[in-house]
Number of protein chains: 2
Amino acid sequence: MKKIDILKKLRSSGLRPTKQRVEIAKFLFEREKTFHFTVESLNKFFTKKSASKIALATIYNTVHAFKTAGHLSEVEVRGNKTYFDTNVSNHHHFYDSDTSELIDIDVNDIIIQKIPKAPNGKKIKNVEVFINLKN
Amino acid sequence: MKKIDILKKLRSSGLRPTKQRVEIAKFLFEREKTFHFTVESLNKFFTKKSASKIALATIYNTVHAFKTAGHLSEVEVRGNKTYFDTNVSNHHHFYDSDTSELIDIDVNDIIIQKIPKAPNGKKIKNVEVFINLKN
DNA sequence: TTTCACTTTAGAATAATTATAAACTAAGAT
DNA sequence: ATCTTAGTTTATAATTATTCTAAAGTGAAA
Ligand SMILES: [Mn+2]
Ligand SMILES: [Mn+2]
Ligand SMILES: [Zn+2]
Ligand SMILES: [Zn+2]
């Protein structure tokens, strides 16, 4: 994803392309593959690796703004921290608790042949499959 | 589950059947159906409903001891609080985010016909299906 | 009964996240 | 180009869930 696209992405979401948002968006979206991260890992990158320091509150604000705009999704993982995902399409996960690593599974690589109907007057919003790994 | 069984359950897990543990175990296991709860909901019960007040730290200690002993499982739910489950068998969940309610799905009510093989030298420990509901 | 490892408890500490409010800035209006 | 202001950043405080601490209490073996 190019810088021009990043500016478009922000503006089309009603987010002013501030210096901080553009920097974070470049780090998150200017790459070949999607990935998973936590606010802590993101903050570490901007504290250590990057020259510019971005306030932790801004990282939280920005991640939430991107999530609300649909540019990030959240993955529920056992543990304290919240995991975010730059893959916003419907997909599943392997989880390696040894390394705390999430690995994407394409939605077409899992086929569910039998599923119960939703209770009450409810409908199924989406189905998430989470496969825990061991050695 | 009867009181005598609760005492057995505790003793066979190497847990002394203290007044607090027996009270909590009776509340958790002395019922027909399994259910889901949070430490907060459990604490509310013993603060309001029950005559005896149990320290919050004891509730945490006991829930962890029961989990370690295999009498409780933990369900990962989006949000801040940790959900526990008195159903320790392999099963799946519906989740109603409107009411924050978990509903069990029997393991046989979901059949997965295609699943990717585990990466690297890893194996699949277990598969959890989480079905989000909407209205 | 005596003993002591195990347990409970109040309160402090920690960790992740959110709120606050003052300083700053992108961008439309003049 | 400057003005204006709503949107944004930031340091810091506050909140929330959970864990730790260490002193007082207790189940159960001897
Ligand atoms: Mn989590
Ligand atoms: Mn959670
Ligand atoms: Zn993913
Ligand atoms: Zn359950």
Side-chain angles (χ1 to χ4, degrees), chain A residues 3-4 6-27 36-47 50-69 71-72 74-84 100, chain B residues 3-4 6-27 36-47 50-69 71-72 74-84 100:
Chain A
K3 179 155 186 184
I4 187 98
I6 281 175
L7 295 181
K8 272 184 202 162
K9 172 178 281 213
L10 293 179
R11 274 196 247 270
S12 68
S13 309
L15 298 169
R16 281 191 192 171
T18 63
K19 185 163 72 71
Q20 294 84 345
R21 284 175 178 164
V22 171
E23 265 209 78
I24 294 173
K26 284 174 76 174
F27 176 69
H36 307 95
F37 65 94
T38 62
V39 165
E40 185 189 31
S41 70
L42 196 52
N43 186 235
K44 263 190 187 123
F45 175 80
F46 286 104
T47 302
S50 177
S52 52
K53 72 163 193 309
I54 300 180
L56 181 59
T58 301
I59 302 214
Y60 273 103
N61 289 342
T62 302
V63 164
H64 285 146
F66 287 0
K67 190 194 165 191
T68 299
H71 304 317
L72 290 175
E74 196 179 323
V75 184
E76 196 49 50
V77 178
R78 220 158 306 249
N80 27 343
K81 292 193 247 304
T82 302
Y83 281 71
F84 293 92
S100 298
Chain B
K3 180 157 187 183
I4 185 96
I6 281 176
L7 294 181
K8 273 185 201 162
K9 172 177 280 214
L10 293 179
R11 273 197 249 270
S12 67
S13 308
L15 298 169
R16 282 189 191 169
T18 62
K19 184 164 72 72
Q20 294 84 348
R21 283 177 179 163
V22 171
E23 265 210 80
I24 294 173
K26 285 173 75 173
F27 177 68
H36 307 95
F37 66 93
T38 63
V39 166
E40 187 190 28
S41 70
L42 196 51
N43 186 234
K44 263 190 189 127
F45 175 79
F46 287 104
T47 301
S50 176
S52 53
K53 72 161 189 309
I54 299 179
L56 181 58
T58 300
I59 301 213
Y60 273 103
N61 289 342
T62 302
V63 165
H64 285 146
F66 287 0
K67 190 193 166 192
T68 299
H71 305 317
L72 291 175
E74 197 178 321
V75 184
E76 198 47 54
V77 178
R78 221 159 303 249
N80 29 340
K81 292 192 246 307
T82 302
Y83 280 72
F84 293 93
S100 298

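Letters A, B, ... are given to chains in the order of the sequence lines, protein chains preceding strands, and every chain is numbered from 1. Just so it is clear, the values below take in all heavy atoms, side chains as well, and ignore hydrogens, waters and symmetry mates.
- The listed nucleotides are C:dT17, C:dA19, C:dT7; the one nearest the side chain of B:Thr18 is C:dT7.
- Nearest nucleotide to the side chain of A:Pro17, out of D:dA28, C:dA27, D:dA11: C:dA27.
- Nearest nucleotide to the side chain of B:Arg21, out of C:dT8, D:dT19, C:dA10: C:dT8.
- Counting all heavy atoms, side chain and backbone alike, A:Phe46 lies closest to A:Ile24 at CZ-CA, 3.7 Å.
- In this structure, A:Gln20 does not reach the C:dT25 phosphate: none of its side-chain N or O atoms is under 4.0 Å from OP1 or OP2.
- For the pair B:Asn61 and A:Leu56, nearest-nucleotide mapping onto DNA chain D gives the more 5' position to A:Leu56.
- Between A:Tyr60 and the phosphate of C:dT18, there is no side-chain N or O to OP1/OP2 separation shorter than 4.0 Å.
- Ranking D:dG27, C:dA10, D:dT10 by closeness to the B:Arg16 side chain, first place goes to D:dG27.
- Candidate nucleotides D:dT8, C:dT18, C:dT8 were compared by shortest atom distance to the side chain of A:His64, and C:dT18 ranks first.
- With distances taken from any side-chain atom of A:Thr82 to the nucleotides C:dT17, D:dA11, D:dT18, the minimum falls on C:dT17.
- Nearest to the side chain of B:Thr62, among D:dA11, C:dT8, C:dG11, sits C:dT8.
- Remark: side-chain polar atoms of A:Arg11 are not paired, donor with acceptor, to backbone N or O of A:Pro17 under 3.5 angstrom.
- Across all strands, A:Thr58 comes closer than 4.0 Å to base atoms (heavy-atom distances).
- Contact check on B:Lys81 versus B:Glu40 returns a salt bridge, with a Lys/Arg side-chain nitrogen under 4.0 Å from an Asp/Glu carboxylate oxygen.
- Regarding B:Arg11, its CZ atom lies at a distance of 13 Å from the C1' atom of D:dA29, rounded to whole Å.
- Between the CG atom of A:Asn43 and the P atom of D:dA11 there is a distance of 11 Å, rounded to whole Å.
- When each of C:dA16, D:dA17, C:dG11 is scored by its nearest atom to the side-chain atoms of B:Ala57, the top-ranked nucleotide is C:dG11.
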